[in-house]
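Right, one structure below, let's go through it.
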There are 2 protein chains.
Amino acid sequence: MGKTSHISILKNPNLDSSEVAIKNGLSQKRSIILIGHCWVEYNGRARSILEPGERILFIKADGSVLIHRPTGYKPVNWQPSNCYFKISLINDTLIITAIRKKVQESLKIFFDKLFLITVMELVDEGQFYLHVSEKEIQKAILTNPDLLEKAFQPISYEKKIEPGFIDIYGLDKEGKLTVVEIKRGRAGKGAVIQLAKYVDAIRDTASRPVRGILAAPQIMKGVQKMLATLNLDYRKIDLKKCAQTVTFTKATKIQDFF
Amino acid sequence: MGKTSHISILKNPNLDSSEVAIKNGLSQKRSIILIGHCWVEYNGRARSILEPGERILFIKADGSVLIHRPTGYKPVNWQPSNCYFKISLINDTLIITAIRKKVQESLKIFFDKLFLITVMELVDEGQFYLHVSEKEIQKAILTNPDLLEKAFQPISYEKKIEPGFIDIYGLDKEGKLTVVEIKRGRAGKGAVIQLAKYVDAIRDTASRPVRGILAAPQIMKGVQKMLATLNLDYRKIDLKKCAQTVTFTKATKIQDFF
DNA sequence: GCCTAGGTCCCGTGC
DNA sequence: GCACGGGGCCTAGGC
């Protein structure tokens, strides 16, 4: 039995002490990893049987369950989060049952030998970002203007005018002057006001028709209406495609991408 | 350092010995679990950043990678099987890079603290059996066509036509050409569209009347109406009878499933 | 390599 | 609650 500030370990535990350790871990909402020899039955939307073998069982703090074989990206059996557990020890077999209530589904794991039990309390407050920055969206659109709109032609970017900088300035497919305001996340009314300001400024100096486009992956409630009132457009931006464009151009330029 | 016949464990290892253990584990095609404090960068089809926190890194013997946070069914970052690795130790940071060659993608995991390293050789030869899959329903209907409809005669299955594959193709009791689309769960509008697509394709090539049947245990709201509009039929599938049919033919013993 | 389709898909979003 | 679409979907099967 080893112990750190975060982790308790049991090596080659007998099934009795395993039962205790698992029950304690579950009641304390810890994450648990069991490595051992087991077989599995699943009953629910479908049914499955997994014959005996050595696997890794991972029970997370939120009640999700994963059973992993030594190969393959996917767990062979699993249960999504928020399931509850029953632990029992019958005839030298430790039985862990994970039950989902919403969808009537149960997963039964039978262990006859455990090699290692790890019970952890992991502290993980880090944010996860699946994204590209506003600069990268800009770069992606400049590289591949179709990401904004078919046949768009950029003229300049970060163009300085009186009220500030225009993200992208160009011509649409009909040759109309166009101001593009980019937002990385869900665009709100502030973005619309910013765009309207630039469009007005350009219209004043150019004294010819000017289009305004709000480019963002999403817009907030009511923004569509506001845009319509001000006669501005919204173009949905596909962040994934932007990421691909940026990554690709970067990778071809910078050798040591990998 | 503890050791069983299958498993090597390092508790609170320093980064130097971690580097050695991981390199050895990889070269011997073992499965490796790392528990520690890390941050992650992913670059490929999309891009992501995961800020520092305590997680579990799981590298499988086939070169698949999973990074799990303390909650959630899915790994926060991952790499499918067959990727290769680079391990380096720079400025008190252990960097594990997992690279996919087919799709140009890289995953970088940076550890500044490791709590536990587990290196395993898991022996897992057990077979996995999944029942009540779409394939099984298909097999059941082919074996006993009455499960679909009285006097139905299958001609072929997985028949390739222009838009895709027809699950079952046959003749109904009146000898009319029939396309069957099978769904294992509750069939939605997507299934109807799929069916309609195949029926149209067959009608074009056969230039005679063609029936379309959606075969599923249940259908979603509005699907019945959609089918009626498109002049397609629905046949409710009894999963229990399908399972029995397949069980009998395969002579596998799956008692009290239902 | 591309395309097609299934999945115990899971998961978010909108109704 | 149900229905629908997206995912770094993954994976298997054809061509």
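Chain A is the first sequence line, chain B the second, and so forth, proteins listed ahead of strands; every chain is numbered from 1.
Spacing between atom CG of A:Asn82 and atom C1' of C:dC10 amounts to 13 Å, rounded to whole angstrom units. The CG atom of A:Leu107 sits 12 Å away from the P atom of C:dC10 (whole-angstrom rounding). Residue B:Arg186 contributes atom CZ, which lies 17 Å from atom C1' of C:dC9 at whole-angstrom precision. Rounding to whole angstrom units, CD of residue B:Gln79 and P of D:dT11 are separated by 11 Å. For the pair B:Asp167 CG and C:dT4 P, the interatomic distance rounds to 16 Å; values are reported in whole Å. Atom CD of B:Gln138 is separated from atom C1' of C:dG6 by 12 Å (rounded to the nearest Å). The CD-P distance, from B:Gln218 to D:dC2, rounds to 10 Å in whole Å. As rounded to whole Å, 15 Å separates atom P of D:dC10 from atom CH2 of A:Trp78.
Between B:Glu134 and B:Gly72, the residue whose closest nucleotide on DNA chain C is further toward the 5' end is B:Glu134. Of the two residues contacting DNA chain D, namely B:Val223 and B:Ser48, the nearest-nucleotide position lying further toward the 5' end is that of B:Val223. With the nearest nucleotide of DNA chain D identified for both A:Leu130 and B:Phe165, A:Leu130 has the one nearer the 5' end. The residue among B:Arg184 and B:Lys160 whose nearest nucleotide of DNA chain C lies closer to the 5′ end is B:Lys160.
Of the candidate nucleotides D:dA3, C:dG6, D:dG8, D:dG8 has the atom lying nearest to any side-chain atom of B:Glu105. Of the candidates D:dG7, D:dC10, D:dC4, D:dC4 carries the atom nearest the B:Met220 side chain, counting heavy atoms from C-beta on. Side-chain proximity of B:Tyr198 to the nucleotides C:dC10, C:dT8, C:dA5 is greatest for C:dA5. Nearest to the side-chain atoms of B:Lys102 among the listed nucleotides D:dC10, C:dT8, C:dG1 stands C:dG1. Distances from the side chain of B:Gln194 to the nucleotides D:dG8, C:dG6, C:dC10 place C:dG6 closest.
Atom P of C:dT4 sits at a distance of 23 Å from the matching atom of C:dT8, rounded to the whole Å.
Checking the phosphate oxygens (OP1, OP2) of D:dC10, a side-chain nitrogen or oxygen of B:Arg45 falls inside 4.0 Å. Contact annotation: B:Lys183 side-chain N/O to C:dG7 OP1/OP2 distance is not under 4.0 Å. At the phosphate of C:dT8, neither OP1 nor OP2 sits under 4.0 Å from any side-chain N or O atom of A:Gln104.
Enclosure of atom CG in A:Asp146 by more than 12 non-hydrogen atoms of other residues, nucleotides or ligands within 6.0 angstrom is indicated. When the shell of 6.0 Å around NZ of B:Lys160 is examined, it contains more than 12 heavy atoms from other residues, nucleotides or ligands.
Among the atoms of the strands shown, only primed sugar atoms or phosphate atoms (P, OP1, OP2) are found under 4.0 Å from some heavy atom of B:Lys189. Residue contacts for A:Gly44: at a heavy-atom cut-off of 4.0 Å it reaches no nucleic acid atom on any strand shown. B:Glu181 comes within 4.0 angstrom of the backbone, heavy atoms only, and of no base. In this structure, A:Val76 reaches the bases: a heavy-atom distance under 4.0 Å links it to at least one base atom across the strands shown. As judged by a 4.0 angstrom heavy-atom cut-off over every strand, A:Lys74 is placed among the base-contacting residues.
Stacking annotation: A:Tyr42 is stacked on the base of C:dT8 (ring centroids less than 5.5 angstrom apart, interplanar angle below 30 degrees). By the criterion of a centre-to-centre distance under 5.5 Å and near-parallel planes under 30°, the ring of B:Tyr73 forms no stack with the base of C:dC10.
Each of B:Lys29, B:Lys60, B:Arg30 was evaluated against B:Glu121; a single residue qualifies, B:Arg30, per the salt bridge (Lys or Arg N to Asp or Glu O under 4.0 Å) test.
Residues B:Ile168 and B:Ile182 meet the side-chain proximity criterion, which asks for heavy atoms closer than 4.5 Å.
Going from atom OH of A:Tyr84 over to atom CD of A:Gln79 covers 10.5 Å, rounded to the nearest 0.5 Å.
The main-chain N or O of A:Gly126 is found under 3.5 Å from a side-chain atom of A:Asp124 such that the two form a donor-acceptor pair.
Checked against the 6.0 Å centroid threshold, A:His68 and B:Phe58 count as a close aromatic pair.
A donor-acceptor contact under 3.5 Å links the side chain of A:Asn77 to the base of C:dT8.
Remark: D:dG8 base-pairs with no nucleotide; criterion is Watson-Crick or G-U wobble with both hydrogen-bond distances under 3.5 Å.
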